[in-house]
Amino acid sequence: MTDTAPALEIRDVTKSYGAMRAIENVNLTVNKGEMVALIGPSGSGKSTLLRCATGLVVADESSGPITIFGDKVQEGGKLSAKVRRARSRVGFIFQQFNLVRRISLYKNVLLGALGRMPTLKGAMGSFSTEDRRKAMEALERVGVKDHAGKRASDLSGGQQQRGAIARAMVQGAEAIFADEPIASLDPVSARRVMRLLRDLNQEDGITVVVTLHQVDYAMKYCDRAVALKAGQVIYDGPIGGLGRDRLIEIYGDEYRDVIDEEGVPA
Amino acid sequence: MMTRFLTALVALVTFAGLAAAQDERETIVFGVVATEQSENVLHLWEPFVEDMARDTGFNVELRSATDYAGVIEAMRADQVQVAWLTNASGLEASRRANAEVFAKFIYPDGQLGYRSIIIVPEDSPMQDIEDLLVCDGTVNFGLGDPLSTSGTLVPQAYIFADRGIDPQTCFNQVTSASHEQNLLAVANGQLDAATNNTTNIDRLERARPDVLERVRTIWRSPLIQTDPIMWRTDLSPETKATIQEFFLTYGWRGDAEQRAHEQAVLRELEMGGFLPATNEHFLPIMRLELTRDLAEARSDPDLDEAVRAERIAAIEAEMAELSEREHLVAARDLSADIAMARREMVANPDGPQDQVTNLVTTYLQDSPRPEGRAAQINRRPETGQIGRMMIGLIVGLIVAIGLFVTSKPPKYSPARMPSDRIIDAAIWGGLVGLLVWSFWPAEVFKLPLLAENADRMGEYVAGFARPDFSEAGNYLRQIVVTVQIALWGTFFAVILAIPLGLLGASNIAPFWIRRPVRWVMDGLRAINELVVAAVFVAAVGLGPFAGVLALAFHTAGVLGKLFSEAVEAIEEGPVEGVRATGAGPLNEVTWAVIPQVIPLWASYALYRFESNTRSATILGLIGAGGIGQVLYENIRSFEYGKTAVVIGMIIIAVTLVDMMSQVLRKRLM
């Protein structure tokens, strides 16, 4: 089952914050090797959906199961006992990078190995030579090897985000879920991060699910788009299917002016 | 707003001061020394003092201090007029505090004195005093308060000085504590032997027979006179007469019912009545001191032979003079007469009951009482707790209403909500009300005394102007010990505070763990170090380690709370980042929480180290070692010159620690 299981499967998931439904009866299947963009206006539930997918947010009791490569994350409002195993197979990238600021970038990247280490060994910080090698390789691949010894807080946003991706690589992640990974970055860093994600997808076969609010980036780097509006999936198909009318439907009438001024993103 | 508030406060204090000054009645403060828990002794004396206030017409206040020096100092400064002291402290008071003996008490069974004893644990190999004095440096010995007659002076004169032994070199360690602490320490085997007295043992025979079973007496001193009751010599003759009449007749006057009541009060105090006495009362104790001095002069190896001979001659001359005075003890005759009359009253209840009263009256005829004293007496209206609360409430309300009315904003200024104005007025009014309510209980009406008696405090300052550096080397060692106590205390506290701080943080621990952990921290924080130390003294004995534990537990409560607050203020992002790799909760804490809080935690710990250095000084007061103990002992023995040096060195040491830790903390942040 594990071999054929989809990278991410979400069944009938709802998440409420008080009376507000952040996502409602969402169904989504992402197959291995796909590069999927989650798009939609602010507050449409993109982040909630992605955070539910790794169990950082626990969904409502009425929800169906969420699985990652066949390992259950949560169901019916309860985290599965296997959640840590499921999480260790996915690298999660945050808008604010979420590196530990006071320790070195290298240490941060090494933390990716915690998921497959015994708890006490992890707490003592006795990482294996193999993990240390992987960490340096990953840092080299994302292009921040020279900054390995610096504290995370001393690096730029782009460098930190690439460090976060290196952490996912040390983790041996088979998929990367990225929540607004470029929203806090300048255009050059943003482009680098997106290219890095696409390389990992195309060269290493890593499944990528990325929430974006820039439609042009989605169109440029992703194959498939899933659009959310008010917590519901209103489009799920090839990226090319996002025409003018569809985008206006997703982002609302106000978006008409944006398109008329800037043209439909190619 | 602030100006108005201050004006109101000044007016209030003036008003209250005037109200307090209206009590014309002469106030007599009766001071007692509490060698056991102060609270208990006070409680036992209360009915006696009530009777005294009623019968003498004075406004009698009861005061206690936990050591003799406190009462002597208060008496010297005329803050205490009549006091119950011990023989040794009484002699000290007669020399320094312008005090003289006018009575002494007797025991309920008519005994005229008590004995100093040496106790050892029940299972101790020591059988008699010679076993104690082998002086092989292995015995831990407990002396009493430095001014205690039976705890220190008598054993020193009769045991050590007599044989030319110095306790400091004879024993492994010599500590100084109250009779009760010494008894418990011996019973628990923390001390190998300690001094005590028969009165204290008799009292505990009823209260704690279990403790007494664990100790054995190996030495008893000759009889020591009972404690003296003293007054300041400058009381007016009529006041003295009234007081003396009250004491000497108490328990032996009036009808059967009154006598039963008064005897019951006395029995609680372990007393059977009072007999007249004068400063002659101190002749035996002076003889004790001279005996001790003589033995010291004879055995001191550092003395030049000529000086020795000279000193011995001087002491012997003093002793000869003392013998002369001993022949002149006249008051004893009256004592004997009264004692005999009382025995007669008990033996012959149907016979004449006015003999004691007659004897006392005759005795007092030597110092006749002028008329008119009763006219001075006017009862102070009893303002009870409720009355004070009402006054506080009314004053608070007046202030609040006044503030509300005057806080109306002037024209052309921003409007203020009436509710804001009400709340402001209520807060300030409430504060003033609370101050008024607390005015009498906190005795703030004594404020003028501070200016009146400034010259008396000057005597201390003058004493400090002659610093005595003779033991500065020892002080330095003790200061180092104090810092070492603070160091270990803080270290243990940090170890305890880390789990407490993490488990007490709302973003780490669920409610059902967090709540109890916070209770524990609140509890630790609420209890003062001194109290905690007293508890640990019972387990680990007197000395620095009790101080370490006291600091550790109290500080753990403080640091735990600060640590928790630091944890609650961390960024949640990095925690999620670590969690998303599949790491468990322990690793989330190790890698995402701890790195974020470490600088703040270290800074808090250093700050507590600073304040623990200060607290460790105070802990010396209860025998937890270090410089505090040295300070306290010097204050108790009126060594102003040495006290000045100790205080100066403490200030320098604490300042140095403060500066060091500030530099470190700056680097950490």
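Just so we're on the same page: letters track the sequence lines, and every chain starts at 1.
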J.: Within the 4.5 Å heavy-atom criterion, are A:Phe92 and B:Glu576 side-chain neighbours or not?
T.: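 Of all side-chain heavy-atom pairs linking B:Glu576 with A:Phe92, none is under 4.5 Å.
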J.: If you compare all heavy atoms of A:Leu99 against all heavy atoms of B:Pro574, which two are closest, and at what distance to 0.1 Å?
T.: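 In this case the closest contact between A:Leu99 and B:Pro574 is O-CG, 3.4 Å.
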J.: With ring-ring contact (aromatic ring centres under 6.0 Å, His included) as the rule and sequence neighbours excluded, what pairs involving residues 551-570 of chain B come up?
T.: B:Phe536-B:Phe553, B:Phe563-B:Trp601
J.: Go through B:Ala583, B:Gly582, B:Pro585, B:Gly584 and name the one with the most non-hydrogen pairs under 4.5 angstrom from chain A.
T.: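 Of the candidates given, the most pairs with chain A belong to B:Gly582.
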J.: Is it the case that more than 12 heavy atoms not belonging to A:Lys15 sit under 6.0 Å from its NZ atom?
T.: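 Yes, the 6.0 Å shell around NZ holds more than 12 heavy atoms from other groups.
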J.: Heavy-atom distance under 4.5 Å to chain B: side chain of A:Thr54, backbone, both or neither?
T.: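 Neither part.
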J.: Give the interface residues of residues 137-145 of chain A toward chain B, defined by a heavy-atom separation under 4.5 Å.
T.: none
J.: Quick check for you: to the nearest 0.5 Å, what is the distance between A:Arg102 atom CZ and B:Ile598 atom CD1?
T.: 8.5 Å
J.: Any idea which heavy atoms bring A:Phe94 and B:Ala580 closest together, and the distance?
T.: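 Looks like CZ-CB, 4.2 Å.
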J.: Test side chain to side chain contact (heavy atoms under 4.5 Å, CB included) on A:Arg87 and B:Arg579; report intermediate values, then the result.
T.: CA-CA 8 Å; A:Arg87 275 178 191 159; B:Arg579 185 179 303 151; 3.2 Å; yes
J.: Would you indicate whether B:Tyr607, at its atom OH, is surrounded by more than 12 heavy atoms from other residues, nucleotides or ligands within a distance under 6.0 Å?
T.: no
J.: Below 4.5 Å from any heavy atom of chain B, which atoms of A:Arg167 appear? Answer side chain, backbone, both or neither.
T.: side chain
J.: Quick one: does any side-chain atom of B:Trp591 pair with a main-chain N or O of A:Gly122 as donor and acceptor, under 3.5 Å?
T.: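 Flag set: sc B:Trp591 to bb A:Gly122 pair under 3.5 Å.
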J.: Indicate yes or no: at least one non-hydrogen side-chain atom of A:Val170 is less than 4.5 angstrom from one of B:Thr581.
T.: no
J.: Pull out the residues in residues 123-135 of chain A that come under 4.5 Å of chain B, heavy atom to heavy atom, sorted by number.
T.: A:Ala123, A:Gly125, A:Phe127
J.: So do B:Glu571 and A:Gln96 actually touch side chain to side chain, heavy atoms under 4.5 Å?
T.: no
J.: Does atom CZ of A:Arg51 have more than 12 heavy-atom neighbours from other groups under 6.0 Å away?
T.: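 For A:Arg51, atom CZ is crowded (more than 12 foreign heavy atoms under 6.0 Å).
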J.: Under the side chain to side chain contact (heavy atoms under 4.5 Å, CB included) rule, what do B:Asn587 and A:Leu111 come out as? Steps first, then yes or no, please.
T.: CA-CA 9 Å; B:Asn587 275 312; A:Leu111 295 187; over 6 Å; no
J.: Output all residues satisfying side chain to side chain contact (heavy atoms under 4.5 Å, CB included) with B:Phe492, sequence neighbours left out; order by chain, then residue number.
T.: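 Only B:Trp488, B:Phe545, B:Val548, B:Ala552 meet the side chain to side chain contact (heavy atoms under 4.5 Å, CB included) criterion with B:Phe492.
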